[in-house]
Amino acid sequence: MSISIRLPDGSERAFDAPPTGADVALSIGAGLAKAALAVKVDGEMRDLARTIDHDANIEIITAKSPEALELLRHDAAHVMAEAVQELYPDTQVTIGPAIENGFYYDFARDEPFKPEDLEKIEAKMREIVQRDETITREVWDRDEAIAWFREQGEAYKAEIIADLPQGEPISVYRQGGFVDLCRGPHLPSTGKLGKAFKLMKLAGAYWRGDSNNAMLQRIYGTAWTHEKELKTYLTQLEEAEKRDHRRLGKQLDLFHIQDEAVGQVFWHPKGYTLFRQLEAYVREKIEARDYVEVKTPLLMDRKLWEASGHWDKYRENMFIAEVDEGSNETRMLAVKPMNCPGHVQLYANTLHSYRDLPLRMAEFGACHRYEPSGALHGLMRVRGFIMDDAHIFCTPEQLPNEAAEAGKLIFEMYDELGFDAVEVKLATRPEQRIGSDAIWDRAEGELKQACEMMGVDYVIAEGDGAFYGPKLEFTLYDAIGRGWQCGTVQVDFNLPERFDIEYVAEDGSRKRPAMLHRAILGSLERFIGILIEQYAGALPFWLAPVQVAVATIVSDADDYAREVAAALKAAGLRVELDIRNEKINRKIREHSNNKIPAIFVLGRNEAEEGKVTIRRLGRKQQQTVSLTEAVQQLREEALARTAPKVDVAA
């Protein structure tokens, strides 16, 4: 039986008998055969040892392939499971997938693992890698597989098999004496995993995520292609811990979150000052571009959400309020998860002419979305937030330019806020969506044209669009290389159709406007969390909640300090006066720990001469200048809204 194999470069190879992936790699070269980890057969990942029994397109997967990392992490989970069972034979293994940045495995064991056990398990994993055990795939009969795992005391594995559809192949993988249920694929041997892995932490997890089931013990690990990547990742984690906005938020007295309002923020005075500065910045930018600002209700009838499609597609993420209106009438209301239907109502309230378009409608909208409690994370993932939202109603001809202008504004503001590494993704139609394919083709085409007008490259995020339209996603990268998707520009032909909104065209006919959904920072809460971590709490001068601390060395300078503070406040600067009976070194240390950008140190000489000594956060040198010069200098810095540039970590 002759088999024809087509390689990625278009060349073909013929085999007299069905080859394995390893055979194909060896036919290309000994170097590739040594580097090969797996094979793609007509787009499907497979083990190298599996036979290719038909003519196929083949790609050999090596450590350089994008798919390699997930494969390595999957195998790391299996090697960890083997190590655990060698060290603790009474342990049952359950499920162990690859995840972002690593892997985990859930174990059933009477005795809890201790943190020091991770070192033992990791050492055993390295021993298993050193053994270079061959990993082989076997297909078992369903009933025999259930019986075998039960005999081994692996009740969880037996349950998984019993729940699989009848007739589905039961594949298991054997490495050394360890056998595990798995679809695969896997590396050829444990030695291919390499040394770039580390076990990270312990956690609890319910079997199959159900609190009614048994609590299991989860071990998390991370795995990378090369040890250099592992080192970079561990350094990033260490740096991220130092910058954690939750810790800094408490240290700087910015905000807190408590159980009585899960996923919602209590802003302290300093934190809300930061919030208002950021909001004012956005407002200034959009007013200069002829946006009109509006406000829409927080609670709206379910009929509106049914008309928009949210009730059908987004209901599980919405908070619902059922209201007794009397006379046996009950009304179902939803707390708005987004502002779009409300903005459509505002547009529909007036008949618009083509001369009114584009109409750029903005709102700092209070939105609420149900997020599982386990997914909540400080300011980064909340249930209640303010979004710098806007909707642009325009003619179809205006759409590409409006999308491009919105994108340019996003780039401009990110740069001014100190983020100059930004990636653009075009998120295309998801499986769950409204509207015809023709509408989606058109909408995706408009966004591609907008990217060309902006002169930016983009990558395709297949299936990641909203249910009503495709979108451009703007991901900024912070000081330690983490990506945060914040800004979006979304094309929507569906909501105008569903709500039957129109405009009067130049020829007097009624036409359907196009609609753009646009957010720049997204959730202001989340963006503040990003800013705190970007600058490790030391925010740019114009954003800092307290910009200047006026601290006295001696009480003789107290009256002058009050005069200095008044002059700074009159110039529009945010000031904290510190005339406590404390040593100046303690005052400076406390204000530095609070990340106040400038400290004015005042003693007798400064008071007598009408001068101030300025200490800047993070600088050793200090400067003594007149009060007038100091106020002017800081006022100009505040108005310039400059942000220190930081190098994005690789």
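Keep in mind that the numbers below use all heavy atoms, side chains included, and drop hydrogens, waters and symmetry copies.
Contacts of F541 classified as ring-ring contact (aromatic ring centres under 6.0 Å, His included), with partners at least two apart in sequence or in another chain: none. Applying the salt bridge (charged side-chain N to carboxylate O under 4.0 Å, His left out) criterion to K250, with sequence neighbours excluded, gives no partner residue. Every residue was checked against the salt bridge (charged side-chain N to carboxylate O under 4.0 Å, His left out) condition with E525, not counting sequence neighbours, and none meets it. Remark: W305 engages no residue in a side chain to side chain donor-acceptor pair (under 3.5 Å) (not counting sequence neighbours). Residues satisfying the salt bridge (charged side-chain N to carboxylate O under 4.0 Å, His left out) test with E229, not counting sequence neighbours, are none. Judged as a side chain to side chain donor-acceptor pair (under 3.5 Å), and not counting sequence neighbours, N57 has no contacts. Under the side chain to side chain donor-acceptor pair (under 3.5 Å) criterion, S373 pairs with no residue at all, not counting sequence neighbours. Residues satisfying the salt bridge (charged side-chain N to carboxylate O under 4.0 Å, His left out) criterion with R315, sequence neighbours excluded, are absent altogether. Partners of Q345 according to the side chain to side chain donor-acceptor pair (under 3.5 Å) rule, which considers only residues two or more places apart in sequence or in another chain, do not exist here.
Environment of CG in D457: sparse, with no more than 12 heavy atoms of neighbouring residues, nucleotides or ligands closer than 6.0 Å. In K303, the NZ atom is not crowded: 12 or fewer heavy atoms of neighbouring residues, nucleotides or ligands sit closer than 6.0 Å.
The list of salt bridge (Lys or Arg N to Asp or Glu O under 4.0 Å) pairs with a residue in residues 356-375, not counting sequence neighbours, reads K336-E363, R360-E402, E371-R381. Within the structure, salt bridge (Lys or Arg N to Asp or Glu O under 4.0 Å) pairs that include any residue of residues 488-499 comprise E497-R512 (at least two apart or interchain). For residues 55-68, every residue pair satisfying the salt bridge (Lys or Arg N to Asp or Glu O under 4.0 Å) rule, not counting sequence neighbours, is listed here: K40-E67.
Inter-residue side-chain proximity for E397 and L357 is flagged as unmet; no heavy-atom pair is nearer than 4.5 Å. Contact check for I532 versus L254: side-chain heavy atoms found under the 4.5 Å cut-off. Annotation: side chain of K511 is not in contact with side chain of P513 (no heavy-atom distance under 4.5 Å). Residues Y503 and L351 fail the side-chain proximity criterion, which asks for heavy atoms closer than 4.5 Å. The closest side-chain heavy-atom distance from I58 to D42 is not below 4.5 Å. Here the side chains of Q490 and Y468 are in contact, with some heavy-atom distance below 4.5 Å. Here the side chains of C394 and L359 are not in contact, with every heavy-atom distance at 4.5 Å or above. Using a 4.5 Å heavy-atom cutoff, the side chains of T488 and L472 are not in contact.
For E12 (side chain) and I5 (main-chain N/O), no donor-acceptor pair under 3.5 Å exists by modelled atom type. The main-chain N or O of K228 is found under 3.5 Å from a side-chain atom of T232 such that the two form a donor-acceptor pair.
Taken to the nearest 0.5 Å, the OG1 atom of T273 stands 11.5 Å off from the CG atom of L543.
Centroid-to-centroid, the aromatic rings of F393 and H343 stay 6.0 Å apart or farther. Aromatic rings from F499 and Y347 are positioned such that their centres are separated by 6.0 Å or more.
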Evaluate the criterion side chain to side chain contact (heavy atoms under 4.5 Å, CB included) for residue pair L531 and F419; output intermediate values, then yes/no. CA-CA 10 Å; L531 282 171; F419 302 96; 3.8 Å; yes
Decide yes or no on side chain to side chain contact (heavy atoms under 4.5 Å, CB included) for L379 and F527, but give the supporting numbers first. CA-CA 8 Å; L379 299 178; F527 202 88; over 6 Å; no
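Looking at Y370 and E316, their side chains never bring a donor and an acceptor atom within 3.5 Å of each other. With hydrogens and angles left out, the side-chain atoms of R518 and Y291 include a donor and acceptor closer than 3.5 Å. A donor-acceptor pair shorter than 3.5 Å cannot be found between the side chains of Y458 and E423. At a cut-off of 3.5 Å, with distance as the only test, no side-chain donor of E637 or Q633 sits close to an acceptor on the other residue.
Judged by the 6.0 Å distance and 45° axis criteria, R276 is not positioned over the aromatic ring of W267.
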